[in-house]
Amino acid sequence: MLRLAAGDGYPPAGSGRLRPEVAASYRYADFPGGDDRTFVPPRAVRARPGPYPSFRELESLPVPPDQLGQVDQMTQHPPLWPLLAAAEVRLLGLRDVPADVAVVTLRMLQGLLLLPLPLLVWRTGRRLGACQAGAAAAGFVVLLAPQLLHIGASVTDGDLLLLEFGLATPLLVGVAQGTRSTPRAVALGLVVAVALLTKSFALLLPGCVVLAFAVGAGWRVRNLAWRPLLVALGLPTVLAGWWYALRLVTAGSIQPSGYPNGFLRALAGHLGPGEAFQTFVGSVLKTSWRDLGWFETPGSFAGAFAVWLAVAAPVMVTLRRRDTRGPVVVALAPFVLLAGLVCALEVSIFLHQHAVYGAQGRYLFPGLIGVAGVAAVALSGRGRLATAARLALPLSCLAAQGLGLRLALRYFWAGGRSAALSWSPLPGGLLAIVAVVAVALSLAAAAGVVRTGQHEGPTPAGGSGLRAVTGTAEVPSGQ
């Protein structure tokens, strides 16, 4: 991002090095840095040592010897997000303001990409037959894991990919329900193309497109809508295929490593199958619920397990229905394929190096929109159990965010709230007002979900919630 903002080019994968202004900023960020191959001993961050210079000023400062030549592994990813972030830096002049102000500005802009996620969950749930209250309650799922907001408000490509998968999910469900018009195919193809230029995880989306059209055709080849299908697959091929073809020709792989040759081989270990499995599961659970990136805060496996259970239970309830099983499977496909890819990559690493690294639960977040939309169907009953579930889910999500913040203040910053506030370029009073308003709006939204459920009529086509799990009436596809 900073390299592109400064006018430099996009380096080949594995050849990028950390920008000098980033390495020089470590002393101001209380980041210990060090060799990329070693994990930093856990320690809490102190209060900010002093005012930040700008990135342009940091660029001219001497870099500590142990920071020279550090790898910038982001060069393994497609260029869309770095180009967009570099445009933000240049348009807003962020290289010439204090670096902490620049980073906070970028983080707020990144966080805006998360705002549509509850609406996309609601839209997916409604297409699957969920009632208004059930779909609205499921929208709180994006708050269930503090890690999602932490990653989403960081300067990274993850939140853009989240939005793109979120946009694709209701479109895929619509196709699976029979809405296979050319305009929908164009919209789906454009979303997939943009996602492919963001991160290679999007290579799973064309498979989801084929699955959606197959379900919409009743698994009959003669019923396939060939023209919309070819449009939905052809657009991303034309608009984004060039990047992967270029990588295949120049680097020998559509997803080359962002690390230099031999770097990952140095991470080889001596884990047995049992140890590797335990390490993998622990890492995925920890990084899917709350992990601040430096591994300082202790893992909460109970919290992570509770999160996945809270989402998995209503999903399993919905899967028991036969009338909407096809569209439900399509909605869940991105999550299932992402989970399968993460597992396959770690199995490959273990077989070749007897080690486990890079197993992160946050890689599953792009599939969360479909999972939450499916859960909305199970939250759409009209009995007391469904009403209680619609209230419990939003309150549990808010409690999870509070617990995540408490753990961050306790373990990440030495000195708690005062140390944390010293790092923010925004006034502490403003942050307190924002926090109070956010909590108040969230509680009001939770109360609105309950009121909507009390006044809402029966769910369409025979019901679609906890009360109608075994029903056989079809849910209309909707428009």
Side-chain angles (χ1 to χ4, degrees), residues 1 77 80-82 84-85 87-88 92 103-126 135-171 191 194-195 197-199 201-202 205 287-293 307 310-311 331 334-335 338 360-373 375-376 393-394 396-405 408 424 426 431 434-435 437-446 448-449:
M1 173 188 66
H77 299 304
L80 179 59
W81 178 83
L84 293 175
E88 293 172 357
L92 300 177
V103 171
V104 165
T105 303
L106 289 170
R107 293 188 68 175
M108 288 192 291
L109 291 171
Q110 296 285 122
L112 292 176
L113 297 176
L114 299 181
L115 291 181
L117 296 187
L119 180 60
L120 293 170
V121 171
W122 175 86
R123 180 59 178 160
T124 302
R126 290 292 286 168
F140 277 84
V141 168
V142 299
L143 296 175
L144 195 55
Q147 178 72 358
L148 191 152
L149 291 190
H150 167 66
I151 290 296
S154 299
V155 186
T156 175
D157 55 10
D159 42 4
L160 181 57
L161 189 70
L162 255 171
L163 177 61
E164 292 156 352
F165 267 72
L167 290 170
T169 302
L171 292 172
V191 170
V194 173
L197 291 174
T198 301
K199 209 163 187 174
F201 278 134
L205 285 177
T287 56
S288 66
W289 188 72
R290 189 226 64 258
D291 176 62
L292 295 179
V307 165
V311 177
F335 182 88
L338 286 167
Q360 300 190 48
R362 66 185 179 92
Y363 294 152
L364 307 180
F365 287 158
L368 194 59
I369 304 301
V371 173
L393 182 59
S396 299
C397 294
L398 297 178
Q401 291 297 319
L403 178 60
L405 180 61
S424 174
L426 303 176
L431 293 176
V434 170
V437 170
V439 172
L441 289 176
S442 300
L443 292 174
V449 167

>> Apply side chain to side chain contact (heavy atoms under 4.5 Å, CB included) to residues Thr105 and Leu92 and explain how you reach the verdict.
In response: CA-CA 9 Å; Thr105 303; Leu92 300 177; 4.1 Å; yes
Got a second to check how far [X]'s [atom1] is from [Y]'s [atom2], nearest 0.5 Å?
{"X": "Leu161", "Y": "Phe201", "atom1": "CG", "atom2": "CZ", "value": "8.0 Å"}
{"X": "Leu115", "Y": "Leu120", "atom1": "CG", "atom2": "CG", "value": "11.0 Å"}
{"X": "Arg107", "Y": "Gln110", "atom1": "CZ", "atom2": "CD", "value": "10.0 Å"}
{"X": "Arg123", "Y": "Leu171", "atom1": "CZ", "atom2": "CG", "value": "9.0 Å"}
{"X": "Thr198", "Y": "Glu164", "atom1": "OG1", "atom2": "CD", "value": "3.5 Å"}

> For the residue pair Leu117 and Leu162, what are the closest heavy atoms and their distance?
Replying inline: CD2-O, 4.1 Å
> Which heavy atom in Thr156 sits nearest to a heavy atom in Trp81, and how many Å separate them?
Replying inline: O-NE1, 3.2 Å
>> Show, in sequence, the C-alpha distance, side-chain angles and deciding distance for Phe165 and Leu205, and conclude whether the side chain to side chain contact (heavy atoms under 4.5 Å, CB included) test is met.
In response: CA-CA 8 Å; Phe165 267 72; Leu205 285 177; 3.7 Å; yes
>> As a quick check of understanding, evaluate side chain to side chain contact (heavy atoms under 4.5 Å, CB included) for Leu426 and Val434, giving each step before the final call.
In response: CA-CA 11 Å; Leu426 303 176; Val434 170; over 6 Å; no
> Does a side-chain heavy-atom distance below 4.5 Å link Leu368 with Val141?
Replying inline: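 The answer is yes, as the side chains (C-beta and beyond) meet within the 4.5 Å cut-off.
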>> Using the side chain to side chain donor-acceptor pair (under 3.5 Å) criterion, which residues pair with Gln401? Sequence neighbours excluded.
In response: none
